[in-house]
Protein chains: 4
Amino acid sequence: MADAADDRLRLLIERIERLEEEKKGIGDDIKDVYNEAKSAGYDAKIMRQIVRLRKMKPDDRREMEAVLDVYKNALGID
Amino acid sequence: MADAADDRLRLLIERIERLEEEKKGIGDDIKDVYNEAKSAGYDAKIMRQIVRLRKMKPDDRREMEAVLDVYKNALGID
Amino acid sequence: MADAADDRLRLLIERIERLEEEKKGIGDDIKDVYNEAKSAGYDAKIMRQIVRLRKMKPDDRREMEAVLDVYKNALGID
Amino acid sequence: MADAADDRLRLLIERIERLEEEKKGIGDDIKDVYNEAKSAGYDAKIMRQIVRLRKMKPDDRREMEAVLDVYKNALGID
DNA sequence: ATTACCAATCTGCCAC
DNA sequence: GTGGCAGATTGGTAAT
């Protein structure tokens with residue numbers, strides 16, 4: 001009963017499923033590294049912030065941090 | 001055909017739907033305030049960071065910022 | 001030291017914070033209803049699906065369900 | 001200025017960054033497949049539902065669908 | 001053991 | 001129409 005269109009859809013789905021498995025594997029690897037870091041006494045939550053900051057272009061990051069400081073001063077934070 | 005159990009489920013669902021509507025209304029109000037802020041020249045994204053920071057207890061926030069600085073120095077950021 | 005611009009920003013932030021509190025309150029109310037439903041033996045996860053389905057226009061929902069069935073048949077699901 | 005602890009942190013961060021890059025690459029591949037499917041006339045949103053359903057154990061899926069039907073009947077959906 | 005909280009992923013939306 | 005952003009949901013974790 002499975003015609004050619006059915007096959008095409010099935011193949012697309014199966015490719016997606018294989019890729020999602022790979023993606024999950026890498027996600028697990030990342031989790032392992034964070035756990036290793038945690039065992040070494042590092043704070044995973046702050047490491048994640050670092051990773052986020054390093055993704056930004058340095059100039060953009062500094063600009064963002066500068067504006068944040070201005071707003072913090074306006075609000076009397078710190 | 002609708003028995004008492006059906007009614008009970010329906011009433012629960014309807015209460016949820018009413019509450020979700022209210023919640024959506026408030027979400028829209030929040031969006032309006034951000035738009036007003038944007039019109040006044042403020043950066044909405046950074047305002048959201050400020051709101052997040054103000055949710056934290058001051059001591060926790062300072063501690064977090066201090067650790068972040070240590071990590072940034074370790075990584076040579078800035 | 002707080003000038004007029006600082007005040008304006010502070011007022012905007014405070015309005016947002018008030019609205020977010022209200023929003024959180026309603027979110028808690030919704031959670032309460034789901035817990036009540038759970039106590040009555042209902043499955044919260046499926047109730048969420050129901051709420052989602054009821055948000056759709058009936059014709060759109062039926063169309064979507066029809067396509068889903070076609071795909072399920074193509075994949076031999078069921 | 002970089003001591004051994006700094007190096008350790010840096011190496012952990014770099015491992016994470018490499019893994020995140022790989023993960024992003026696979027995410028892009030998945031997106032490509034969905035786009036290919038879309039070009040062939042398939043509905044990506046429903047394909048995602050199919051993928052989700054296929055992740056479930058068949059018995060669990062059928063049980064879930066059965067309960068959903070019960071709730072739909074109780075609410076007069078369909 | 002459960003339950004609430006928190007983070008991370010995923011979906012939907014809006015702006016470009 | 002595409003990419004980024006915010007919101008929602010789900011899974012994991014920590015506390016009691």
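Below, read A as the first sequence line, B as the second, and so on, with proteins coming before strands; counting in each chain starts at 1.
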- request: Write out all pairs satisfying salt bridge (Lys or Arg N to Asp or Glu O under 4.0 Å) with one or both partners inside residues 30-47 of chain B, taking only residues at least two apart or from two chains.
  value: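 Found E36(B)-R15(C).
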
Specify the separation, in whole Å, of atom [atom1] of [X] and atom [atom2] of [N].
X      : N      : atom1 : atom2 : answer
K23(B) : dT9(F) : NZ    : C1'   : 10 Å
D28(C) : dA8(F) : CG    : P     : 13 Å
M64(A) : dC5(F) : CE    : P     : 12 Å
M56(A) : dC5(F) : CE    : C1'   : 14 Å
Q49(B) : dA6(F) : CD    : P     : 10 Å

For a quick test of your reading: what N or O donor-acceptor pairs under 3.5 Å do the side chains of residues 57-65 of chain A make, sequence neighbours left out?
unit_1, atom_1, unit_2, atom_2, d
R61(A), NH2, D78(B), OD1, 2.6
R62(A), NH1, D78(B), OD1, 3.3
E65(A), OE2, K72(B), NZ, 2.6

- prompt: side-chain contact (heavy atoms from CB on, under 4.5 Å) with A5(A): which residues, sequence neighbours excluded?
  reply: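 Partners of A5(A) under the side-chain contact (heavy atoms from CB on, under 4.5 Å) test: D3(A), Y42(D).
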
message: For a 4.0 angstrom threshold against heavy atoms of chain D, report the outermost contacting nucleotides of DNA chain E in 5' to 3' order.
response: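 Listed 5' to 3', the contact boundaries are dT9(E) to dG12(E).
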
Return a table of donor-acceptor pairs under 3.5 angstrom between the side chains of residues 20-27 of chain A and protein atoms on other chains or two or more places apart.
unit_1, atom_1, unit_2, atom_2, d
E20(A), OE1, K55(D), NZ, 3.3
K24(A), NZ, D28(A), OD1, 3.3
K24(A), NZ, D28(A), OD2, 3.1

- request: With a 4.0 Å heavy-atom cut-off, tell me which residues in residues 9-17 of chain B come close to DNA chain E, sorted by residue number.
  value: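 Of all residues in residues 9-17 of chain B, none places a heavy atom under 4.0 Å from DNA chain E.
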
Sequence neighbours left out, cut at 3.5 Å: what donor-acceptor pairs do the side chains of residues 7-14 of chain B make with other protein atoms?
unit_1, atom_1, unit_2, atom_2, d
D7(B), OD1, R10(B), NH2, 3.1
R10(B), NH1, E14(B), OE2, 3.3

query: What residues, two or more places apart in sequence or in another chain, satisfy side chain to side chain donor-acceptor pair (under 3.5 Å) together with R54(D)?
result: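 Partners of R54(D) by the side chain to side chain donor-acceptor pair (under 3.5 Å) criterion, ordered by chain and then number, come out as E17(A).
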
Using the 3.5 Å cut-off, write out each protein N or O paired with an N or O of nucleotides 10-16 of chain F and the distance between them.
unit_1, atom_1, unit_2, atom_2, d
dA14(F), OP1, K38(A), NZ, 2.9

